[in-house]
Engineer: 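Before I ask anything, here is the structure I am working with.
All heavy atoms count here, side chains included; hydrogens, waters and symmetry mates do not. Residues take their numbers from the sequence shown, with the count starting at 1. Being a predicted model, the structure only gives us computed values, none of them experimental. As the structure lists them, so they are numbered: ligands from 1, and atoms in each ligand from 1.
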Amino acid sequence: MTQTFRPRSGFQLDWLPQRLIRASTVTSPRWRLGLGLIVVSLQLALTYLVYLMGGAQYTYAHAMYLPIVLAAILFSAPAGVLAGIVGGLLLGPWMPADVGQAQPQILFNWLYRLVAFALTGGLVGLLFDELRRQIRQVTWLAHHDPISGLPNITLLFHQLQQALQQPEPQIGLVMVQFENMSTLDEIFGCTSTSTLTRQVALRLQQGLPSETLVCRVYAHRLVILLVGQSQQQIERTLTWANRALMQPFELEQIPVHLETVIGYCTVSAEMTAREAMMKANRALSYAQVRGRSIWQYDIQCDRITRDSIELLGSLQEAIAQDQLRLHFQPKIDLTDGTIVGVEALVRWQHPTRGSVAPHQFIPAAENTTLIDPLTDWVLDRALRQCNYWKGQGIDLTLAVNISPRNLQNPEFSLKIRRLLKRYRFDPAKLELEITEGAMMQDPEAVINLLEGLYQHRLNIAIDDFGTGYSSLAYIHRLPVTVLKVDQSFVRDLMTKPELQPIVQAIIAVGHACQMQVVAEGIEDAASMAWLLQHGCDMGQGYWISRPLTPLGFEAWYQSCDGVSQQWLDLGTDYRAQGS
Ligand code: C2E
Ligand code: MG
Ligand code: MG
């Protein structure tokens, strides 16, 4: 638990200096005028006191140091000098040395006093000016990140707490994490990446409402505090920010792409600043685990982020203890209905949670080296299964999902070739599926890595095509033989006719690049008929078959004798139109 600092009660020695320093930093002109009048009045009063007490030769003249030092402390060195000169003149030529005897002062005496007053005022003023400068610096350092110059977490908490005290606060708390900043740190050094952080903050500040606070809370994370914004305005602002961050930045004259993930929450009046930070943090972790670029906090985030951390922690054990299972989803040739292949999809039979779907652990595993043993396991079991089926007269192509992280492992290609040899599987019948989004994160690097596999006659498929912002400039260069249309376009093909021209265009792009086009997510006969008529080569989806256990698939395949019953059920008319 954090302890708040409470000053001790009772009189303290530093009470007066603290008050004086605080008064000296007051900027309100009215206050400063007031303080100035106090100093002048004190000087006049003391002059009168000296006169009443008998004149300048008596000790009361020393009391004039008080307003001079006060002026120096409150208004800086020049004011100290000025107060010294005024004090020197007030106690100077017109003030008798002895009032009773009407004895005037010697010129040297009052001049000497004036110089001493002015010097004291100047020196005290200089000392306090330096003290004020240092206090300002320490205060700034306590509220800012010294490297980037951006506000830090202390200032963020302070502003957030203030915003929460407003009646009906409308606040958005946004965390922006730079995923590839460590790599950039390694290449350019951390000073350069701090420059990059400043560039990011500047770009954001230019487009965000003026009262927005952009803070650096960790080396690779910014927090944006949006105040006075409705839910809709926050969403609009973040869509803009997300797009703005996608534009390249510049480091050492090189354009640099920043991989960002955004998590945010809207803050309500009953939340504390700590709770709000925790919620935004969880939304960010959720976005990272689920592979989303932006995510708003909801109740799921609490559960899922904790769950995925726990699942990730026990994944290695799950592989070793054989808790993973493979299901196979058939893929058919749309021109003749034959079952041409299967896609291997992993499931986790968890001892306490039951069946765990891949989206609950794969995206998190893909961010770690755990994806390597996982993919090794899937490849081994899937090839072993297909080898067994081949012995049973079921000769199929096999599609396995892989992650770009697998490709970065220099042993990956060798491991696949060893497995192909062990299970006597034709490399031309193995398809490695990589999602379009993953491919496009660093297309040049992926193209190079895929070239190696392609040279060994392995097929590469772009999975979930249509969702990953491919550039046409890259597609024709990718050594890819299969393009899988994302199921979000196929599932609603009949209910949302506006999707049809998009799917038609994807089929055309695939064919223009000499790729076979597979539609995944076929959920009804009408969609299959439409795809058949529009030249799609292959199909996969719940309407043909859900993913099945190995035994389930074998039984299903044998029951229809290798030709999809659903395809046959389409009727000759449709099939004829397609062919
Ligand atoms: P994916 O590779 O695009 O696989 C297709 C997903 O869509 C599967 O979900 C499948 O069950 C589902 N699906 C198939 N047909 C239909 C349909 O007609 N309608 C609907 N609504 N869904 C359909 P699943 O098995 O949950 O897998 C989800 C994703 O997890 C996969 O998407 C893939 O990206 C990933 N994944 C699965 N297994 C592996 C694996 O072994 N390794 C890696 N790296 N990723 C895997
Ligand atoms: Mg796939
Ligand atoms: Mg897919």
Engineer: For Y542 and ligand 1, does the shortest N/O to N/O distance drop below 3.5 Å?
Structural biologist: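 In this structure, Y542 places an N or O atom under 3.5 Å from an N or O of ligand 1.
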Engineer: Hey, is atom 32 (O) of ligand 1 touched by any protein heavy atom at less than 4.0 Å?
Structural biologist: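 False for atom 32 (O) of ligand 1.
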Engineer: Would R292 and Y286 count as a cation-pi pair here, with the cationic atom under 6.0 angstrom from the ring centre and within 45° of the axis?
Structural biologist: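 Negative - R292 is either too far from the ring of Y286 or too far off its axis.
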Engineer: Nearest N/O/S atom of E433 with respect to the Mg ion (ligand 2), by atom name, please.
Structural biologist: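 Checking each N, O and S atom of E433, the shortest distance to the Mg ion (ligand 2) belongs to OE1.
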Engineer: Under 30°, 30 to 60°, or over 60°: which ring-plane class applies to F553 and W389, parallel, tilted or perpendicular?
Structural biologist: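 Ring orientation of F553 relative to W389: tilted.
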Engineer: With salt bridge (charged side-chain N to carboxylate O under 4.0 Å, His left out) as the test, would you mind laying out the steps for R405 and D372 before giving the verdict?
Structural biologist: CA-CA 8 Å; R405 210 174 171 126; D372 285 330; 5.9 Å; no
Engineer: Salt bridge or not between D395 and K429? Use side-chain N to carboxylate O under 4.0 Å.
Structural biologist: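 Looking at K429 together with D395, the answer is yes, because their closest N to O distance falls below 4.0 Å.
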Engineer: Any protein heavy atom lying closer than 4.0 Å to atom 38 (N) of ligand 1?
Structural biologist: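 Under 4.0 Å from atom 38 (N) of ligand 1, at least one protein heavy atom found.
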Engineer: Within 45° of the ring axis of Y218 and under 6.0 Å from its six-membered ring centre, is that where the NZ or CZ of R221 lies?
Structural biologist: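 No, R221 and Y218 do not form such a contact.
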Engineer: What protein heavy atom lies closest to atom 19 (N) of ligand 1? Include the residue and the distance to one decimal.
Structural biologist: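 Protein heavy atom at minimum distance: E523 OE2, 2.5 Å.
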Engineer: For atom 30 (O) of ligand 1, what is the closest protein heavy atom, and at what distance to 0.1 Å?
Structural biologist: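 Ranking protein heavy atoms by distance from atom 30 (O) of ligand 1, first comes P358 CB, 3.5 Å.
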Engineer: N/O/S of D464 less than 2.8 Å from the Mg ion (ligand 3)?
Structural biologist: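 Yes, since at least one N, O or S atom of D464 sits under 2.8 Å from the Mg ion (ligand 3).
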Engineer: Looking at every non-hydrogen atom in both residues, tell me the closest pair between S148 and S194 and how far apart they are.
Structural biologist: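 Shortest heavy-atom contact: CB-O, 4.4 Å.
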Engineer: Quick test: of every protein heavy atom, which one is nearest to atom 7 (O) of ligand 1, and how far off is it to 0.1 Å?
Structural biologist: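 The answer is Q487 NE2, 2.6 Å.
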Engineer: Whether K484 and E433 form a salt bridge (side-chain N of Lys/Arg under 4.0 Å from carboxylate O of Asp/Glu) is what I want to check.
Structural biologist: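 So E433 pairs with K484 through a salt bridge.
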Engineer: Can you pull out the closest protein heavy atom to atom 45 (N) of ligand 1? Residue, atom name and distance to 0.1 Å, please.
Structural biologist: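 Of the protein heavy atoms, N401 CB, 3.5 Å lies nearest.
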Engineer: Do you know which N/O/S atom name in E343 is closest to the Mg ion (ligand 2)?
Structural biologist: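 It is OE2 of E343.
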Engineer: For atom 3 (O) of ligand 1, find the nearest protein heavy atom and state the residue, atom name and distance (0.1 Å precision).
Structural biologist: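 Minimum-distance protein heavy atom for atom 3 (O) of ligand 1 reads D464 OD1, 3.1 Å.
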Engineer: Can you find an N/O atom of T435 closer than 3.5 Å to an N/O atom of ligand 1?
Structural biologist: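 Looking only at distances, the answer is no, because the N/O contact criterion of under 3.5 Å is not met.
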Engineer: Where is the nearest protein heavy atom to atom 10 (C) of ligand 1: which residue, which atom, and how far?
Structural biologist: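 Residue, atom and distance for the closest contact: L345 CD1, 3.9 Å.
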Engineer: Is T435 close enough that one of its N/O/S atoms sits under 2.8 Å from the Mg ion (ligand 2)?
Structural biologist: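 No.
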Engineer: Using salt bridge (charged side-chain N to carboxylate O under 4.0 Å, His left out), reason through D426 and R457 one step at a time and then give a plain yes or no.
Structural biologist: CA-CA 9 Å; D426 180 0; R457 291 177 51 229; 3.1 Å; yes
Engineer: Pull out every atom of ligand 1 sitting under 4.0 Å from any heavy atom of E520, numbered as shown with elements.
Structural biologist: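 This gives 3 (O), 5 (C) as the contact atoms.
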Engineer: How about Y264 and W295: are their ring centres within less than 6.0 Å of each other?
Structural biologist: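 No, the ring of Y264 stays outside the 6.0 Å limit from the ring of W295, centre to centre.
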Engineer: Do me a favour and list the nearest non-hydrogen protein atom to atom 41 (O) of ligand 1 with residue, atom name and distance?
Structural biologist: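 Checked against all protein heavy atoms, atom 41 (O) of ligand 1 sits closest to V378 CG2, 3.4 Å.
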Engineer: Before moving on, can you tell me the angle at the Mg ion (ligand 3) between the OE1 atom of E520 and the OD1 atom of D463, to the nearest 10 degrees?
Structural biologist: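 Roughly 90°, rounded to 10°.
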Engineer: Identify the closest protein heavy atom to atom 1 (P) of ligand 1: which residue and atom is it, and at what distance?
Structural biologist: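 In this structure, atom 1 (P) of ligand 1 has D463 OD2, 3.6 Å as its nearest protein heavy atom.
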Engineer: Please could you name the atoms of ligand 1 that E343 approaches to less than 4.0 Å, counting only its heavy atoms?
Structural biologist: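 Once the distances to E343 are compared, the set is 1 (P), 2 (O), 4 (O).
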Engineer: Determine, using heavy atoms of Q540 and all atoms of ligand 1, whether some pair is separated by less than 4.0 Å.
Structural biologist: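 Per 4.0 Å heavy-atom rule, Q540 does not contact ligand 1.
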Engineer: Measuring from non-hydrogen atoms of E366 to any atom of ligand 1, is the shortest distance under 4.0 Å?
Structural biologist: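 Right, E366 reaches ligand 1.
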